Enquirer: 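Before I ask anything, let me first share the structure, which is written out below as structure tokens.
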Amino acid sequence: MILVIGIGNADRGDDAAGLVAARHIRDAAPPGVTVTELDGDQLTLLDAWDGAADVYVVDAVCSGAEPGTVCRFDGSAPLGARFKHRGTHIFSLADVVELGRALHRLPVRLRGYGIEGAAFELGAPLSLEAEAAARTVAEQILHELWAGG
Amino acid sequence: MTHGSRLRVPALTRVEGEGGLEIVVDDGQVTEARLDIYEPPRFFEALLRGRQYTEPPDITARICGICPVAYQMSACAAIEDACGVTVPADIAALRRLLYCGEWMESHALHVYLLHAPDFLGYESGIHLARDHPDAVARGLRLKKAGNHLMEVVGGRSVHPVNVRIGGFYRAPSVSALRALLPELEQARQDAAETVAWVATFTFPDFSRDYEFVSLRHPDEYPITAGRVVSTGGLDIPPAGYDRHFTEFQVPHSTALHSVLDGKTYLTGPLARYSLNSGRLPAEVAAVARAAGLGPTCANPFRSIVVRAVELLYACDEALRLIRGYQPPDPPAVDVLPRAATGYGCTEAPRGLLYHRYAITADGTVTDAKIVPPTSQNQRAIEADLRAFAAARIGLPPERLTEECERAVRSYDPCISCAAHFLDLRVVGS
């Protein structure tokens, strides 16, 4: 099974970038691809990708880079500092991937993208930079999905 | 704290979970231990003014991703109090069931991934999982069971959407809840094993002379309702809270401190257990006794055992409530606004959570006060740290930092995960 997971909080500005990317992908994904959204508790990723062999994750990041910057990761190695921020989540994406690795609960293939956010305040809208980056990430993932991975 | 100064606090949305500690040593003696934390609820109080009386449960749920139900339940209790409404027993039971899911989620997370690594010598839950995958898997199973319970009753596991003033938008079906029974039976077994597991840990000898504060209910271990009581003899309804509890600002923290009639106090699992252990079901009480707990517990490090006992209780209570469940019909009662002030207290996983709302006859919220447990516990944490550090001031700084971090995590503050990266400064002279 191929699974795309968008992570974020729809009410916190650019934290929603992963959700927005997932919605773009859902609209144009090839048959057989499942798209889901996660809000908040990233530990539930371990259950969300349970049974999926090929997984894409898209999340907002806050590393100090220019807003809208996109970084790609491969889950076969630790994700690094850019994905370490906790924000409103108890565990960072990097933490959950390492926990999954320790428990042998990682998908066979795990790839993902981080979208640098500009603002994460409660009630803030998605910034233009994050919105453009979400579309770029969606197009890249869709390209890979239609090309067969 | 004034409204204006509250706005000068750096962006709270990105600092949730950060904390610092400063210990001041003067002439070889610890003279100060300051916990510096940032608390979003002050920001939310201003947000709530001018909103409709139906909105606080959904708005305040956003204060915390770990205990949104606590905020929803205290908000409902306070607003229904203002409106003179008491929900029927079946709606109250469904609220209690939802709350059990949150206790399971929160306590499982803290016991396994935040606190247990301290006792077993691991840097984090991830490191613990590498050597003890079965134990961590058990913790995640418990948390998942809590998640599922919250999804079925609350609509989703984080920030539930099914709660409203007067009850619920929709009552879950009997079959949807009964489908959870096998998972909850497993969770109960896992919780019992959790109690036995944490009881084997080695705890520092550090019992304190606390004034404990929690709810007390005549018939049940307190979660959703009760009077506010203390080991010092306080026994008041939630409406009396402001006459006894005073919040005030300290220079080193953006979170208000709180005192009970001028005294430092502690809320949370140790307080709940010590004031209510006699209300635990016999089987749960027997498990607690087997784990070495007496009727009270005043050692913050042993709070992991109490939390595990409460985890077992939450599973037990969820099973009981589901077996007796009949969907409330209607799922909510009418709650009409009136010009009044209402008060609500419930037991968040971390302790007493107080809400107060003033509303007008047309239902506009004109004033809101929210006092979360972590804010209330700051003074007790600082007092404990002074005593704890004083006995260890000769330790090398790195070791002292580790020991103080452990001490802070015992209280399961909302800054728990950041407390793993506590910035300790020792100022000496």
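Fair warning: this is a prediction, and the values are worked out from it, not measured in the lab. Here is how names work: the chains are called A, B, and so on, in the same order as the sequence lines, proteins then strands, and each is numbered from 1.
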Enquirer: One thing to verify: whether B:Glu183 and B:Arg141 come together as a salt bridge, which I'm taking to mean a side-chain N less than 4.0 angstrom from a carboxylate O.
Expert: no

Enquirer: Ignoring hydrogens and angles, tell me if any N or O in the side chain of B:Thr194 forms a donor-acceptor pair with the backbone of B:Asp190 under 3.5 Å.
Expert: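 Yes, the answer is positive, given that a donor and an acceptor are paired below the 3.5 Å cut-off.
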
Enquirer: Using non-hydrogen atoms only, which part of B:Leu128 is less than 4.5 Å away from chain A: side chain, backbone, both, or neither?
Expert: neither

Enquirer: Quick one: side chain to side chain donor-acceptor pair (under 3.5 Å) partners of B:Ser303, sequence neighbours excluded?
Expert: B:Arg307

Enquirer: Are any side-chain N or O atoms of B:Asn162 and backbone N or O atoms of B:Tyr169, one a donor and one an acceptor, separated by less than 3.5 Å?
Expert: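 Side chain of B:Asn162 to backbone of B:Tyr169, a donor-acceptor pair under 3.5 Å: yes, one is there.
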
Enquirer: Which of residues 96-107 of chain A have a heavy atom under 4.5 Å from any heavy atom of chain B?
Expert: A:Glu98, A:Leu99, A:Ala102, A:Leu103, A:Arg105

Enquirer: A:Tyr113 versus A:Cys71: any side-chain heavy-atom pair under 4.5 Å?
Expert: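 Counting from C-beta outward, A:Tyr113 and A:Cys71 never come under 4.5 Å.
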
Enquirer: So does B:Gln186 get a backbone contact from the side chain of B:Gln189, meaning a donor-acceptor N/O pair under 3.5 Å?
Expert: no

Enquirer: Side chains of B:Arg138 and B:Tyr112: any donor to acceptor distance under 3.5 Å?
Expert: yes

Enquirer: Using 4.0 Å as the upper bound for N to carboxylate O, is an ion pair formed by A:Glu144 and A:Arg72?
Expert: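 Answer for the salt bridge query: yes.
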
Enquirer: Can you run down the ring pair (Phe, Tyr, Trp, His ring centres under 6.0 Å) pairs that involve residues 127-157 of chain B, sequence neighbours left out, and say none if there aren't any?
Expert: B:Tyr122-B:His132

Enquirer: Non-hydrogen contacts under 4.5 angstrom with chain B: give the residues of residues 128-136 of chain A involved, or none if there are none.
Expert: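 From residues 128-136 of chain A, none sit under 4.5 Å of chain B.
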
Enquirer: Are a donor atom and an acceptor atom from the side chains of A:Ser92 and A:Gln42 found within less than 3.5 Å of each other?
Expert: no

